[in-house]
Amino acid sequence: WVYTIGIIKEEGTIEGFESQIVDSALWAIFPGKGSMPQSIQEVERRIVSDWLPTSGYEFADGFDVEVYLDDDPTNQSFEVWMPIKKASED
């Protein structure tokens, strides 16, 4: 399991950093707000236990993305992006 912290950069590299391509995907985006890390862990728990089993979708190959929208970790606005695909009918 790899946890990566990154920034969006259109082209080129930054010395001392690696570059990674995030493939296009269908994304389910879940907003959240609150104290970190408890708030984001709760959103991710609800995605897996509540939303995913009833959504008709499943995880797709790719990166899960956490987008932090504020500088204040005690009251952070964020989004959790999950790559998804239509669930297979077994």
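As a basis for the values below, the full set of heavy atoms in this structure was taken, side chains included, without hydrogen atoms, waters or symmetry mates.
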Subject >> Gln38, CD: over 12 other non-hydrogen atoms inside 6.0 angstrom >> reply: yes
Report, one line per pair, each donor and acceptor closer than 3.5 Å where one atom sits in a side chain of residues 20-34; sequence neighbours left out.
{"from": "Trp27", "atom 1": "NE1", "to": "Ala25", "atom 2": "O", "distance (Å)": "3.4"}
{"from": "Lys33", "atom 1": "NZ", "to": "Ser77", "atom 2": "OG", "distance (Å)": "3.0"}

Subject >> Tyr57 six-ring face occupied by Lys86 cation (under 6.0 Å, within 45°) >> reply: yes
Original post:
Considering all heavy atoms of both residues, which atom of Ser88 and which atom of Glu58 are nearest to each other, and what is their separation?
Top reply: N-OE1, 3.6 Å
Original post:
Do Ser39 and Phe78 have side-chain heavy atoms sitting under 4.5 Å apart?
Top reply: yes
Original post:
With no hydrogens and no angle check, is any side-chain donor or acceptor of Asp70 less than 3.5 Å from a backbone partner on Asp72?
Top reply: no
**OP:** Side-chain contact test, heavy atoms from C-beta onward, threshold under 4.5 Å: evaluate it for Val43 versus Trp51 and give yes or no.
**Re:** no
**OP:** Decide if atom CH2 of Trp81 counts as having more than 12 heavy atoms of other residues, nucleotides or ligands within a radius under 6.0 Å.
**Re:** no
Original post:
Would you say Val80 and Met82 make side-chain contact, with heavy atoms under 4.5 Å?
Top reply: yes
Subject >> Side chain to side chain, Glu44 and Glu66, heavy atoms closer than 4.5 Å >> reply: yes
Original post:
Does Asp61 CG have over 12 foreign heavy atoms under 6.0 Å away?
Top reply: no
Original post:
If Ile, Leu, Val, Met, Phe, Trp and Tyr residues are connected whenever their side-chain heavy atoms lie under 4.5 Å apart, and connections chain through other members, are Val67 and Ile47 in the same group?
Top reply: no
Original post:
Which atom names give the shortest non-hydrogen contact between Leu69 and Glu79, and what distance separates them?
Top reply: CD1-CG, 4.2 Å
